[in-house]
Amino acid sequence: MDWINSSIRPTLALALVVLLTACSVSYKFNGASIDYSKVKSIQIAEFPLRTSYVWGPMGPMFNNQLKDQYASHTKLQQVRRNGDLKLEGEITQYSQRNKSVSAEGYSAQAELTMTVNVRFTNNTNHSEDFERQFTASQSYETTQSLNAVQEELVRLMVKDICDQIFNATVANW
């Protein structure tokens with residue numbers, strides 16, 4: 001009986017070691033799922049403002065955030081032309097509307113909305129190419145002036161839209 005235990009234990013230990021080394025789990029905490037052997041660069045064009053209502057700092061704020069998103073969450077080199085991935089488009093909407101009305105019949109909340117049209121080209125796999133619009137909204141109490149809250153709300157919308165674009169292009173969510 002001892003010879004069975006002495007031969008089974010090493011066999012089980014060996015099987016456990018083989019099993020543990022054969023199975024591995026890989027996690028990427030940056031959210032990107034890029035095959036860096038094929039995709040090494042990204043070309044991000046400036047997104048111009050093509051809206052009827054314009055808040056001046058919004059364009060540079062969006063363009064900088066989008067470039068920073070890819071720089072901080074991927075190993076892709078940003079290039080001016082001939083990128084393996086290419087992002088271009090325009091900011092097509094920036095608007096404000098009443099969202100809710102108070103009991104007295106006045107506007108109680110307003111909503112800012114921002115929409116960006118994006119054309120994505122993957123020069124290593126054109127089946128992933130798309131043109132799509134991404135939208136974000138933020139509400140604020142009308143007891144506050146738009147000038148007082150605009151910068152923070154635009155910053156939040158820009159972050160949201162850049163996250164959406166990142167997820168649609170390289171995160172494969």
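This is a predicted model, so every value here is computed, not measured.
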Next item on the list: Determine, stepwise, if the pair K40 / Q77 fulfils side chain to side chain contact (heavy atoms under 4.5 Å, CB included).
Entry: CA-CA 6 Å; K40 298 184 182 340; Q77 179 182 2; over 6 Å; no
Notebook entry, point to check: Mind checking whether E151 and W55 have side chains closer than 4.5 Å, heavy atoms only?
Noted result: yes
Check: Going by atom types alone, do T124 and K38 pair a side-chain donor with an acceptor below 3.5 Å?
Finding: no
Next item on the list: Identify whether Y36 and V79 are in the same connected component of the hydrophobic contact network (ILVMFWY, side-chain heavy atoms under 4.5 Å).
Entry: no
Item checked: Distance-minimising heavy-atom pair for E128 and F120 -> O-CD2, 3.5 Å
Margin query: For the backbone of Y53 and the side chain of T51, can you confirm whether one donor and one acceptor N or O come within less than 3.5 Å of each other?
Written below: yes
Checklist line | Heavy-atom pair with the smallest gap, counting every atom of A45 and E88 | finding: CB-CB, 3.9 Å
Note to self: Within the structure provided, determine whether Q96 and E111 are in side-chain contact (heavy-atom separation under 4.5 Å).
What the structure shows: no
Notebook entry, point to check: What's the shortest heavy-atom distance between A136 and I161, and which atoms?
Noted result: CB-CG1, 3.6 Å
Margin query: For L112 and L146: C-alpha separation, side-chain torsions, deciding distance, then whether side chain to side chain contact (heavy atoms under 4.5 Å, CB included) applies.
Written below: CA-CA 9 Å; L112 276 179; L146 177 59; 3.7 Å; yes
Note to self: Are L49 and Y94 packed together at the side-chain level, in the sense that at least one heavy-atom pair is separated by less than 4.5 angstrom?
What the structure shows: no
Notebook entry, point to check: Is there a path from M58 to L156 through hydrophobic residues (I, L, V, M, F, W, Y) whose side chains come within less than 4.5 Å of each other?
Noted result: no
Next item on the list: Write down the atom of V158, the atom of M61, and the distance for their closest heavy-atom approach.
Entry: CG1-O, 3.9 Å
Checklist line | Taking every non-hydrogen atom, the tightest pair across M157 and S137 | finding: SD-CA, 4.0 Å
Margin query: Please check this pair: side chain of S41 against backbone of D84, looking for a donor-acceptor N/O pair closer than 3.5 Å.
Written below: yes
Next item on the list: Output the distance between atom CD1 (I91) and atom CG (N117), rounded to the nearest 0.5 Å.
Entry: 11.0 Å
Notebook entry, point to check: If you measure from NE2 on H73 to CG on D68, what distance do you get to the nearest 0.5 Å?
Noted result: 10.5 Å
Checklist line | Nearest-0.5 Å distance that lies between atom NZ in K159 and atom CD in Q138 | finding: 12.5 Å
Item checked: Inter-residue atom distance S72.OG - Q65.CD, 0.5 Å rounding -> 8.0 Å
Notebook entry, point to check: For the atom pair CZ (R97) and CD (Q109), what is the distance rounded to the nearest 0.5 Å?
Noted result: 10.0 Å
Next item on the list: Could you tell me which non-hydrogen atom of T142 sits nearest to which non-hydrogen atom of A110, and how far apart they are?
Entry: CG2-N, 3.8 Å
Next item on the list: State, yes or no, whether a side-chain contact exists between L85 and T169 at a heavy-atom distance under 4.5 Å.
Entry: no
Check: Is there a donor in the side chain of S95 and an acceptor in the side chain of Q93, or the other way round, less than 3.5 Å apart?
Finding: yes
Item checked: side chain to side chain contact (heavy atoms under 4.5 Å, CB included) partners of P48, counting only residues at least two apart -> R50, E90
Next item on the list: State whether the side chain of N122 and the backbone N or O of S127 hold a donor-acceptor pair below 3.5 Å, judged by distance alone.
Entry: no
Next item on the list: Measure the spacing between OG1 of T74 and CD1 of I34 and express it to the nearest 0.5 Å.
Entry: 5.0 Å
Next item on the list: Determine, step by step, whether Q78 and Q43 satisfy the side-chain hydrogen bond (donor to acceptor under 3.5 Å, both in side chains) criterion, reporting the C-alpha distance in whole Å, the side-chain angles of both residues, the deciding distance to 0.1 Å, and the verdict.
Entry: CA-CA 6 Å; Q78 293 188 24; Q43 174 185 341; over 6 Å; no
Note to self: Do N167 and F134 make a side-chain contact, defined as non-hydrogen atoms from C-beta onward lying under 4.5 Å apart?
What the structure shows: no
Next item on the list: Return the orientation label for the F62 and F47 ring planes: parallel under 30°, perpendicular over 60°, tilted otherwise.
Entry: perpendicular
